[in-house]
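See below for the structure under consideration.
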Amino acid sequence: MIDTTTPKGRILAAALDLAAERPWRDISLADIAEKAEIPLVDLKASFDSKAEMLVAFSGLVDDEMLRRAPRRAPDQSTRDALFEVIMSRFDALGPYRAALKSIAGSGFADIAHLRAVMNAQHWMLAAAGVNAEGPAGVARAAGLATVYASVFRTWLDDEDPGLARTMAALDRRLRRGESALNRMDEVCSGAQRLASAILPSIFGRRTKPRPQPEAPAPTPPPGV
């Protein structure tokens, strides 16, 4: 997933390798440059911070998840589709579990990284065939983020090759969130119907034009 033939790829691989060995908070940019065997100035050309590295890594995981996730079947429920998509993401993250455990335990979340995490929810919804656009999409992404964060903690400690604990936790959380998702869809659908009924009557009104004063007759030229 990480292309180590590129400078950015070598930097990301070095950062994750170090995170698997020791706490993320204790790793400096100089440490990463040394591990990647590049000058610090070359690292600066690719990333300004460790948070930017995590954002880049999250984008690579999004791509790999989208490649792995099966296409939703016409008769498949939203819950089952999301289950397969999220497990595809965990499969992509598998080789980096030790590093991610270190990063998750650092206790600090950069705004840019949090934005990348929310963007990941957007793509997981899209991969599951769920509308992720507009205000309703934002609400769905926020709801999925709570599910994913909870199950992610279980996944970090799940040593079973088959990820039995992770799958059980994910199934429970999705079942619990399914009714909330359905209620939200009903509310959004009702709001859209209301807007469709009201807005045309508001914006469709035409204001009666005010009468314009008549222009005075032109003054005839002298001698006419």
Side-chain angles (χ1 to χ4, degrees), residues 1-29 31-33 35-36 43-70 81-128 130 132-133 137-158 163 166 169-170 173:
M1 184 173 68
I2 297 177
D3 182 4
T4 55
T5 64
T6 66
K8 284 191 174 184
R10 290 201 304 275
I11 293 167
L12 289 178
L16 292 167
D17 286 345
L18 288 172
E21 298 169 3
R22 62 181 193 260
W24 179 247
R25 67 173 68 88
D26 296 340
I27 300 169
S28 69
L29 294 175
D31 292 332
I32 297 171
K35 181 75 172 178
L43 183 146
K44 179 180 178 295
S46 296
F47 299 106
D48 284 332
S49 65
K50 293 194 297 182
E52 280 194 7
M53 296 176 197
L54 296 182
V55 170
F57 176 69
S58 182
L60 293 177
V61 175
D62 290 341
D63 293 345
E64 184 65 18
M65 178 268 296
L66 291 172
R67 281 190 286 265
R68 291 171 178 254
L82 282 171
F83 182 94
E84 291 190 5
V85 168
I86 295 173
M87 288 307 301
S88 295
R89 189 175 190 87
F90 286 137
D91 288 341
L93 291 173
Y96 311 98
R97 192 204 311 260
L100 294 172
K101 195 168 185 178
S102 169
I103 294 166
S106 67
F108 176 76
D110 181 89
I111 294 298
H113 185 213
L114 289 176
R115 191 179 299 118
V117 170
M118 289 306 299
N119 194 50
Q121 314 308 309
H122 170 92
W123 285 113
M124 284 193 282
L125 287 169
V130 180
E133 304 300 325
V138 172
R140 292 186 187 102
L144 183 60
T146 63
V147 172
Y148 180 75
S150 173
V151 180
F152 179 76
R153 289 191 291 270
T154 300
W155 173 80
L156 285 176
D157 295 321
D158 190 355
L163 298 178
T166 300
L170 179 58
R173 287 305 307 266

Please report the interatomic distance [atom1]([X]) to [atom2]([Y]), rounded to the nearest 0.5 Å.
X	Y	atom1	atom2	result
Ile2	Ile11	CD1	CD1	11.5 Å
Leu114	Asn119	CG	CG	12.5 Å
Ser49	His113	OG	NE2	11.0 Å
Tyr96	Leu16	OH	CG	7.0 Å

Verdict with reasoning, Leu93 to Phe57, per side-chain contact (heavy atoms from CB on, under 4.5 Å): CA-CA 10 Å; Leu93 291 173; Phe57 176 69; 4.0 Å; yes
Side chains of Ser88 and Asp91: do they bring a donor and an acceptor to under 3.5 Å? no
Val138 vs Met118, test: side-chain contact (heavy atoms from CB on, under 4.5 Å). Steps then yes/no. CA-CA 9 Å; Val138 172; Met118 289 306 299; over 6 Å; no
Which pair of heavy atoms, one from [X] and one from [Y], lies closest together, and at what distance?
X	Y	answer
Ala69	Ala127	CB-CB, 4.5 Å
Leu125	Gly137	CD1-O, 4.2 Å
Leu18	Lys35	CD1-CB, 3.9 Å
Ala19	Ile103	CB-CG1, 4.3 Å
Ala120	Arg89	CB-NH2, 3.4 Å
Leu156	Ala104	CD1-CB, 4.0 Å

Look at atom CH2 of Trp123 and say whether more than 12 heavy atoms of other residues, nucleotides or ligands are closer to it than 6.0 Å. no
Is the shortest side-chain N to carboxylate O distance from Lys8 to Asp3 below 4.0 Å? no
Test applied, side chain to side chain contact (heavy atoms under 4.5 Å, CB included); reference residue, Ile86; option that passes from Met65, Met124, Arg173, Gln121: Met124
Please check if the side chain of [X] supplies one atom and the backbone of [Y] the other of a donor-acceptor pair under 3.5 Å.
X	Y	value
Arg97	Asp158	yes
Thr4	Gly9	no
Ser150	Val147	no
Lys50	Ile27	yes
Arg25	Ser106	yes
Asp63	Leu60	no

Would you call the rings of Trp155 and Phe90 parallel, tilted or perpendicular if under 30° counts as parallel and over 60° as perpendicular? parallel
After noting the C-alpha distance and the side-chain angles of Leu43 and Met53, does the key distance pass the side-chain contact (heavy atoms from CB on, under 4.5 Å) rule? CA-CA 11 Å; Leu43 183 146; Met53 296 176 197; 4.1 Å; yes
With side-chain contact (heavy atoms from CB on, under 4.5 Å) as the criterion, how do Leu29 and Phe47 come out once you've worked through the C-alpha distance, each side chain's angles and the decisive distance to 0.1 Å? CA-CA 9 Å; Leu29 294 175; Phe47 299 106; over 6 Å; no
Answer yes or no: is there a side-chain heavy-atom contact under 4.5 Å between His122 and Arg140? no
